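What you are looking at is a predicted structure, and each value in this text was computed from that prediction instead of being measured. Reminder, nothing fancy here: chain letters follow the sequence lines and each chain counts from 1.
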2 protein chains.
Amino acid sequence: MSSLPPTATPAAARTPAPAAVAPAFSPLYQQIKGLILRSLQEGEWKPGESIPSEMDLAGRFRVSQGTVRKAIDELAAENLVIRRQGKGTFVATHAEHQVQYRFLKLLPDQGDAREEGPAQRTVLECRRARASADVARALALRTGDTVILARRILAFAGVPTILEELWLPGQAFKGLSAEQMASYQGPTYAMFELEFGVRMVRADEKIRAVLPDAAQAQSLGVSETTPLLSVERLAYTYNDAPMELRRGLYRTDTHYYFNALN
Amino acid sequence: MSSLPPTATPAAARTPAPAAVAPAFSPLYQQIKGLILRSLQEGEWKPGESIPSEMDLAGRFRVSQGTVRKAIDELAAENLVIRRQGKGTFVATHAEHQVQYRFLKLLPDQGDAREEGPAQRTVLECRRARASADVARALALRTGDTVILARRILAFAGVPTILEELWLPGQAFKGLSAEQMASYQGPTYAMFELEFGVRMVRADEKIRAVLPDAAQAQSLGVSETTPLLSVERLAYTYNDAPMELRRGLYRTDTHYYFNALN
DNA sequence: GAGTGGTCTAGACCACGCG
DNA sequence: GCGTGGTCTAGACCACTCA
């Protein structure tokens, strides 16, 4: 931070106004992180593109490279950005070959997920609907607001394994069609980035064991006494804004849900 | 350690001998991290105790404070130590009040885990046994090696919710008794630290939906048609050595398994 | 060889906890 | 007021990528 007229904010923000009760000291690198985050949100750099070099950003924000570095370190730890030595720092995307299907934790008992390949998708329906009370609450909408409801089956090696319903805010996903859902190659979340500019950043899952009803059992080709994993996922974009509610039923006779605890 | 003859390695290790094929460049802070890790393993500092200050360690290893800092940062990220500003850096322990039951992801539908309080434990049995092929493989033992098998029920608010079996290497857990399992207040993993010097550092879980057999159903007070979550956990100490295989059946009518995806 | 991220250092100062 | 971790800087050099 140095000698020229302060156009960037940090210089001023250095001494935050002492809030009544919570002093809320915020280190410089956190403020820088916030600024970069804002640019990410506003789409100044698109998924897959590189962001400016650390030196450039340091110049832009009038801080040292080390401070920018620490800000980017955190963004990288949150998977918002990917660092590649010698090349640059890139906006993370679900279209990456490496961490594809980042949020899908279902693995095959035999072999590994790579040889199994991507799931075959069958879209059962995709239509506009009104948000029920619970869907509205999850997506931070009002009951009755327009949502998109999609239902589909994912099969691995020809075996139907996942039956899921997706609820999306009608606002952000206006025009989403069954064709779009079915035809896009690669992760659905990559399609959301490309077609709707919506980037899923993190998600929570609530998991239960359940028995399917008759229709669900038929869709998955199992009996009604076959226990299934019920996975309710709430996915968020930037700013912790919920953007997708997904309810899945997973068969766990050929696959298992994997979780690494630290 | 400071102005004396260099017994610490890093100064010498600074220029690693170039291995035949893989140069395997290892940054200084990684080497420091390894040294600290070794001290943790060897019990130079016990769980809950503080480790030397960054300055002290910097002196001991003859590197700058920043380098020690980065090493400790990684250890903290892996939950092996806990930093407390103004106080020091402490060896992590499962006995901490804050992150108690770190590996238990089952949450109540109503209210939160704190008001629910710790589970009531009923130890069904705890005895020596011979490792079956699959248990031996999981624990990196040989089939027929001695293991400890414990079975217990955990209840929340008086409702039996978890039925689980624990397999432990006989070597490390010699003498573990049902009384010990039942009487210790707090996480079982904290008892393992205290009584056996075994610290669980991370774990993997494989989750499936299953139906209980008659005995299991009775233990949990549910019918045989009640789907349950089967949670197979493999817990590791330092060095990725597996030290516990745990197979649990979770009721998910009053609780759910929570997972945060990043 | 130029440019990018990655490491390392040395020193200054800040926030926090505690006696 | 002291010691601890936390932040910030400035500068040097290293490893990697690509033209």
Side-chain angles (χ1 to χ4, degrees), chain A residues 1-3 8 10-16 18-19 22-36 45 49-77 80-92, chain B residues 2 8 10-16 18-19 22-36 45 49-77 80-92:
Chain A
M1 174 139 328
S2 39
S3 39
R14 189 73 74 90
T15 307
F25 160 76
S26 168
L28 228 201
Y29 77 87
Q30 286 287 3
Q31 303 174 38
I32 302 300
K33 181 185 168 188
L35 294 175
I36 298 176
W45 317 297
E49 287 180 10
S50 76
I51 72 174
S53 75
E54 296 178 353
M55 280 307 210
D56 285 354
L57 289 171
R60 163 145 141 198
F61 299 129
R62 301 169 164 288
V63 298
S64 78
Q65 190 214 3
T67 300
V68 170
R69 186 163 190 69
K70 184 142 192 192
I72 294 179
D73 275 346
E74 292 209 348
L75 293 171
L80 295 177
V81 114
I82 297 179
R83 320 190 74 139
R84 281 201 258 268
Q85 182 171 168
K87 301 183 70 172
T89 301
F90 300 78
V91 182
Chain B
S2 39
R14 193 75 74 88
T15 306
F25 160 75
S26 168
L28 227 200
Y29 77 87
Q30 286 286 5
Q31 301 174 39
I32 303 300
K33 180 185 170 188
L35 293 175
I36 298 176
W45 315 297
E49 288 180 9
S50 76
I51 71 174
S53 76
E54 296 178 352
M55 279 308 210
D56 286 354
L57 290 171
R60 149 132 69 140
F61 299 131
R62 304 170 159 287
V63 298
S64 78
Q65 189 215 5
T67 301
V68 169
R69 185 161 190 65
K70 183 140 193 193
I72 294 179
D73 275 346
E74 293 210 347
L75 294 171
L80 297 177
V81 298
I82 297 180
R83 323 190 72 139
R84 281 202 258 268
Q85 183 171 164
K87 301 183 69 174
T89 301
F90 300 78
V91 182

Protein N or O to nucleotides 16-19 of chain D N or O, pairs below 3.5 Å:
| residue | atom | partner | partner atom | Å |
| --- | --- | --- | --- | --- |
| D:dC16 | O4' | A:Gln85 | OE1 | 3.4 |
| D:dC18 | OP1 | A:Lys87 | NZ | 3.1 |

Between [atom2] of [N] and [atom1] of [X], the distance in whole Å:
{"X": "A:Leu28", "N": "C:dA12", "atom1": "CG", "atom2": "P", "result": "20 Å"}
{"X": "A:Asp73", "N": "C:dG5", "atom1": "CG", "atom2": "P", "result": "11 Å"}
{"X": "A:Ile32", "N": "D:dT9", "atom1": "CD1", "atom2": "P", "result": "8 Å"}
{"X": "B:Arg83", "N": "D:dG6", "atom1": "CZ", "atom2": "P", "result": "4 Å"}
{"X": "B:Glu74", "N": "C:dG6", "atom1": "CD", "atom2": "P", "result": "12 Å"}
{"X": "B:Arg69", "N": "C:dT7", "atom1": "CZ", "atom2": "P", "result": "16 Å"}
{"X": "A:Ile82", "N": "C:dT4", "atom1": "CD1", "atom2": "P", "result": "19 Å"}
{"X": "B:Gln30", "N": "C:dC8", "atom1": "CD", "atom2": "P", "result": "9 Å"}

Taking the side chain of A:Thr89 as heavy atoms from C-beta outward, which of D:dC8, C:dG5, D:dG5 is closest to it? C:dG5
Taking D:dT9, D:dT4, D:dG6 as options, the one with an atom nearest any side-chain atom of A:Ser64 is D:dT9
Walking DNA chain C from its 5' end, the first of B:Gln65 and B:Lys70 to be reached, judged by nearest nucleotide, is B:Lys70
Among A:Thr89, A:Leu35, A:Leu57, A:Asp73, whose side-chain contact (heavy atoms from CB on, under 4.5 Å) with A:Val68 holds? A:Leu57
Output the distance between atom [atom1] ([X]) and atom [atom2] ([Y]), rounded to the nearest 0.5 Å.
{"X": "B:Thr67", "Y": "B:Phe61", "atom1": "OG1", "atom2": "CZ", "value": "12.0 Å"}
{"X": "A:Arg69", "Y": "A:Ile32", "atom1": "CZ", "atom2": "CD1", "value": "15.0 Å"}
{"X": "A:Arg60", "Y": "A:Ser53", "atom1": "CZ", "atom2": "OG", "value": "11.0 Å"}

Any donor-acceptor N/O pair, B:Gln31 side chain to B:Ser26 backbone, under 3.5 Å: yes
Does B:Ser50 reach a base, just sugar-phosphate, or nothing at all? Heavy atoms under 4.0 Å. nothing
Check whether any side-chain heavy atom of B:Leu80 sits under 4.5 Å from a side-chain heavy atom of B:Ile36, and report yes or no. no
Going by the rule salt bridge (charged side-chain N to carboxylate O under 4.0 Å, His left out), which residues pair with A:Lys33 if we only count those two or more places apart in sequence or in a different chain? A:Glu74, A:Glu78
